[in-house]
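Worth knowing before you read on, the calculation uses all heavy atoms, side chains too, and leaves out hydrogens, waters and symmetry mates. We number each residue from 1, following the sequence as shown. Here the structure is a predicted model, which means the values were calculated and not measured.
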Amino acid sequence: MKRVGIITLFNNTFNHGALLQTYALQKTVEKLGFECEVIRFDYKTKQAELTNKSYSNAEQMQAFSETIPHSSKIYNSATIYECNELYDIFICGSDQIWSDKVGMSSCALPHMALSFANEDKLKIGYAVSMGGAYTTDNIKNVLKEPAQKLDYILAREKSAVPFISELSGKSVESVLDPTLLLLKKDWATLKIETNDAPYIFCYMLDLPSNLKKCINELSQKTNYEIKYLSDYSDPIEFITLIANAEYVVTNSFHGTIFSIIYNKQFISFYIDNIQSDYSKNVRIKDLLKMFDICDRYIDIDTPIENCLSIIDNKINYSKVNAILELEREKSLAFLEKSLNAEKDYKFDIVPRSECYNCSTCKVVCPLSCIEIVKDDLGFGFPKINHDVCNKCMLCKKVCPAINSKSKNQEPSFVYITTHIDKNERLKSASGGTFFAIAQYIISNGGIVFGAIYDKDFKVKHIGVNNLAGLELLRSSKYVQSDIENTYKETKQYLDNNKIVLYSGTPCQIAGLKNYLQKDYDNLYTVDLICYGEASPNLFAKYIDFYTQKYGKIININMRNKELGYTSAYKLTFENNRSVLLYGKDDFFSKLWYSFCKNRCYSCGFKSDNSFADITLGDLWGARNYSDIIEDGRGINLVIDRTSKGSMLLENAQIDLKSAENYDTDKYNYTLNTSISHSKVDAYLRSIFKDSSIDKLFYELQMLVSKMNSETQYETAMMLGKLANEYEALMNSKKNKI
Ligand SMILES: Cc1cc2nc3c(=O)[nH]c(=O)nc-3n(C[C@H](O)[C@H](O)[C@H](O)COP(=O)(O)OP(=O)(O)OC[C@H]3O[C@@H](n4cnc5c(N)ncnc54)[C@H](O)[C@@H]3O)c2cc1C
Ligand code: SF4
Ligand code: SF4
Ligand code: SF4
């Protein structure tokens, strides 16, 4: 049986109508064959909560609300998303859930239009109401987006239909308030029988003195006593008093409704002094209009002395009841149809801005209906073939952007390490620790996965089981690596009891762990202190540029140490020529920081949220520590995060010492912090698509040529500085680019 969660004005709500419509909607949905409960949602402002506390006799209302099936937990705007785990269908409504007159907090308001509900959930607005025919621009702006995502919207006030249609861009029907969906006999289960003498029931919020006079006259004329009810009393008493009254005088919307249900002689007064379609009077006027009994409405300008004759003028209830029956049928049909609709939705796994471009979703999809499409920079995003997708949601389950919390609870330790063999350090990016760990795995018959260049210098992951293969994995390729089929291969090896070491960026390790969905004793993982992955397309342009200049490239080393432990690139060409490029001379090394994938600028896998057993990075700033020997061959900063990590470090051929005194934040800030965009990034990216790398560089030169000559050379070489100049340039309007 499908589970339905209703969100409405319920939690800590001390209003007869609000609670009775909640009761009625829950009962109706249940009668239609669904498991249904009301979500307790803390929707009020602090001020409204304080007012609540002042209600001395609210216990009876509280007791009534306890009888309505509801969630055990009270959710707030931060936790309401958890409800997606509990319900298949959500309903928002009814009463004034889209009103600014009910003490609603601004962060709660969008949730009253189900903004918290996932796209796969069926979302229905039933008898939604703003009280009036429209609402303020402020509320309109907040509601617009979630209202557009509702699958069905049924409005309570007919006058509000044009406004809600425009707001949501959907066709909107008007339906009955939920209290009118139940029959008199349904309410009879609540009603308390009384043997009171005939009376007039007066249920008004503020009772104007002239009206008091009129009611007294009615009392004298009929010899009936007048009964009043406190606003915060038991809703059952409220129904009972109406059901047994001879006359009802009210300005309450639900007071009017129950008068109609019980076929009472009544008059309904205006509630708002404002005479516009924005006022709450609209709801009573619309209701009376539907039953063709508008004469029962007493407006601000109706002479009070007319009230006596109006109330005595008998209502034609056979006509009213016939209308009610028809409208009830129509409303129930709308509700039933929307509850039983098969949701045909198209969903994105995550918004593009949140995607790690890791392809884990594609790997897991059992129907192979995810294609990875590349953006201008060469980063891949999933595109779902919705004609094939069966909405199993496995892609969401493994997505590191959604399931981003590491389960690793063990304390971590920071070390300084180097491979014991100085030559291995020279060949590695940093201190060769990865190589030492990988050697240990291979010598124990295991498989090691990591990034290589293919023959076209595209970076991709592969698995190797020998030392020759390990050479390919060695050293950093600062470009996004394609994981290809390696997650699946890893699982196969693990299931066949092979030892596996998987290395990659933190988001790749998170993707792998989510994909596997269980812990394997034979899996070891290593991630990297990660600045970010550069654009594959930028790298391709770079390769093109040097190929055209010097011929076919046969090797690229982005961490060459011929002139010491720094970031130098060495490109070797087929004709045995090579170029050694330092940061300031090499435009890829300067440009790539502007061309990382978007998520690198807000990475969720920093600090202790790594999913890996070990994190490896560079130990920069060694010269500032007398106990660290900087011999130009490279040193690792290592974070040991699990007992598996400790085991690897104990068995790898490395020198290891504690890094307790090392200032990681100062010398290696990317361990804990994401990079930020430079001020020229947006401009560079905007010209990227159609530019070759030399055109891109030319554009940079052009920027620089507009600056003063002293900074020209330096700025051209140092993008960081260029950023400031660029900003200044942009700010000085006369130098527009
Ligand atoms: C994109 C990227 C950004 C980095 N940013 C920083 C940083 O800001 N600060 C810092 O201290 N260290 C950074 N590192 C890590 C550093 O460059 C070394 O990789 C690390 O210190 C390990 O060095 P090593 O000598 O132990 O092993 P190495 O021999 O360098 O081993 C390299 C390991 O990294 C993997 N690898 C290489 N390229 C990629 C890639 N593109 N994608 C996924 N895995 C890859 C290989 O599979 C191998 O496992 C980064 C590495 C990469 C790949
Ligand atoms: S919901 Fe299932 S079938 Fe559809 S794309 Fe995701 S993994 Fe594939
Ligand atoms: S699994 Fe990876 S590629 Fe797929 S949506 Fe999530 S972050 Fe993006
Ligand atoms: S910085 Fe974060 S998002 Fe970017 S590659 Fe590294 S781990 Fe992935």
- Just do the side chain to side chain contact (heavy atoms under 4.5 Å, CB included) check on H386 and F347 with the steps written out, would you? CA-CA 8 Å; H386 287 284; F347 67 96; 3.8 Å; yes
- So do Y270 and K285 actually touch side chain to side chain, heavy atoms under 4.5 Å? no
- Query: Under 3.5 Å, is there a donor-acceptor pair between the S219 and E225 side chains?
  - Reply: no
- Any side-chain heavy-atom pair of F253 and L287 under 4.5 Å: yes
- Message: Within the 4.5 Å heavy-atom criterion, are V398 and Q517 side-chain neighbours or not?
- Response: yes
- Query: Between E217 and K221, is the closest basic N to carboxylate O distance under 4.0 Å?
  - Reply: no
- Item | Sole candidate of Y81, Y75, F90, Y43 that passes ring pair (Phe, Tyr, Trp, His ring centres under 6.0 Å) when paired with H111 | Y81
- Is there a donor-acceptor contact under 3.5 Å linking the side chains of N12 and D42? no
- Query: Side chain of T67, backbone of A63: donor and acceptor closer than 3.5 Å?
  - Reply: no
- Test side chain to side chain contact (heavy atoms under 4.5 Å, CB included) applied to R283 and Q96, step by step: CA-CA 10 Å; R283 55 193 185 145; Q96 300 176 72; 3.3 Å; yes
- Note on the structure: Taking every heavy atom of E327 against every heavy atom of L176, the minimum-distance pair comes out as C-CD1, 3.7 Å
- Query: What is the minimum heavy-atom distance between A127 and S94, and which atoms define it?
  - Reply: O-OG, 2.6 Å
- Task: Would you confirm whether E85, through its side chain, and E82, through its main-chain N or O, come within 3.5 Å as a donor-acceptor pair?
- Result: no
- Message: Quick check on the 6.0 Å ring-centre criterion: do F238 and H254 meet it?
- Response: no
- Query: Between Y224 and Y247, what is the ring plane arrangement, given parallel below 30°, perpendicular above 60°, and tilted in between?
  - Reply: tilted
- Item | K319/D292 salt bridge by N-O under 4.0 Å criterion | yes
- Side-chain touch I124/I89, heavy atoms, less than 4.5 angstrom: yes
- For Q265 and I311, indicate whether the former's side chain and the latter's backbone hold a donor-acceptor pair under 3.5 Å. yes
- Message: Between the side chains of K121 and D151, is the shortest nitrogen-to-carboxylate-oxygen separation below 4.0 Å, so that they form an ion pair?
- Response: no
- Can you find a side-chain donor-acceptor pair between Q26 and E30 that sits under 3.5 Å? yes
- Once you round to the nearest 0.5 Å, how far does CD1 of I402 lie from SG of C395? 7.5 Å
- Message: Taking the side chain as everything from C-beta on, heavy atoms only, tell me whether I39 gets closer than 4.5 Å to H70.
- Response: no
- Indicate yes or no: at least one non-hydrogen side-chain atom of L32 is less than 4.5 angstrom from one of V29. no
- Query: Taking the six-membered ring of Y23, is the NZ or CZ of K27 close enough (under 6.0 Å from the centre) and on axis enough (within 45°)?
  - Reply: yes
- Query: Does the side chain of S406 pick up a donor-acceptor pair with the side chain of N609 at under 3.5 Å?
  - Reply: no
- Verify the neighbour count for atom NZ of K213: are there more than 12 heavy atoms of other residues, nucleotides or ligands below 6.0 Å? no
- Item | R328 side chain vs L180 backbone, donor-acceptor pair below 3.5 Å | yes
- Message: Counting only heavy atoms from other residues, nucleotides and ligands, does the tally under 6.0 Å from NZ of K73 exceed 12?
- Response: yes
- Does the pair K31/D186 count as a salt bridge with the N-to-O cut at 4.0 Å? yes
- Passes side chain to side chain contact (heavy atoms under 4.5 Å, CB included), V248 versus F258? Steps please. CA-CA 10 Å; V248 179; F258 280 94; over 6 Å; no
- Listed by chain and number, what are the side-chain contact (heavy atoms from CB on, under 4.5 Å) partners of S602, not counting sequence neighbours? R599
- Task: Would you please name every residue forming a side-chain contact (heavy atoms from CB on, under 4.5 Å) with V388, sequence neighbours left out?
- Result: L367, C369, N385
- Ion pair present between E157 and K280, side-chain N to carboxylate O less than 4.0 angstrom? no
- Message: With no hydrogens and no angle check, just 3.5 Å: does a side-chain donor-acceptor pair link N316 and S318?
- Response: yes
- Taking all non-hydrogen atoms of both residues, which atom of L308 and which atom of C214 are closest, and how far apart? CD2-O, 4.2 Å
- Item | K170 side-chain N/O to Q148 backbone N/O, donor-acceptor pair under 3.5 Å | yes
- Message: Atom NZ of residue position K158 - does it have more than 12 heavy atoms of other residues, nucleotides or ligands inside 6.0 Å?
- Response: no
- Item | Minimum heavy-atom distance between P382 and I370, given as atom pair plus value | CB-CG2, 3.6 Å
- Query: Any cation-pi pair here, R3 with Y87, using under 6.0 Å and within 45°?
  - Reply: no
- Item | Taking every non-hydrogen atom, the tightest pair across N76 and F41 | C-CE1, 3.6 Å
- Query: Under 3.5 Å, is there a donor-acceptor pair between the side chain of K123 and the main chain of N118?
  - Reply: yes
- Message: Do N15 and T13 pair up side chain to side chain, a donor and an acceptor below 3.5 Å, judged on atom types alone?
- Response: no
- What's the shortest heavy-atom distance between C202 and I215, and which atoms? SG-CD1, 3.5 Å
- With a 4.5 Å heavy-atom cut-off, do I261 and W187 have their side chains touching? yes
- Taking the side chain from D95 and the backbone from S129, do they hold a donor-acceptor pair closer than 3.5 Å? no
- Message: When you measure from the side chain of W98 to the backbone of M112, do you find a donor-acceptor pair of N or O atoms at a distance under 3.5 Å?
- Response: yes
- Query: Would you say the side-chain atoms of K289 pair up with the backbone N or O of C294, donor to acceptor, closer than 3.5 Å?
  - Reply: no
- Once you round to the nearest 0.5 Å, how far does CD1 of I200 lie from CZ of F266? 15.5 Å
- Item | side-chain contact (heavy atoms from CB on, under 4.5 Å) involving P162 - partner list, sequence neighbours excluded | none
- Message: Does K383 have more than 12 heavy atoms from other residues, nucleotides or ligands lying within 6.0 Å of its NZ?
- Response: no
- Item | Pair I6-T22, side chain to side chain contact (heavy atoms under 4.5 Å, CB included): steps then yes or no | CA-CA 8 Å; I6 297 174; T22 306; 5.6 Å; no
- Task: Going by the side-chain contact (heavy atoms from CB on, under 4.5 Å) test, name the single residue among I267, L218, V249 that passes it with C307.
- Result: I267
- Task: For the residue pair L122 and K2, establish whether any side-chain heavy-atom pair is separated by less than 4.5 Å.
- Result: no
- Item | Whether Y134 and F163 hold their rings parallel, tilted or perpendicular, with breakpoints at 30° and 60° | tilted
- Query: If you count the non-hydrogen atoms of other residues, nucleotides and ligands that lie under 6.0 Å from NZ in K391, is the total more than 12?
  - Reply: yes
- Message: I'd like to know if the side chain of S99 and the backbone of G131 have a donor-acceptor N/O pair within less than 3.5 Å.
- Response: no
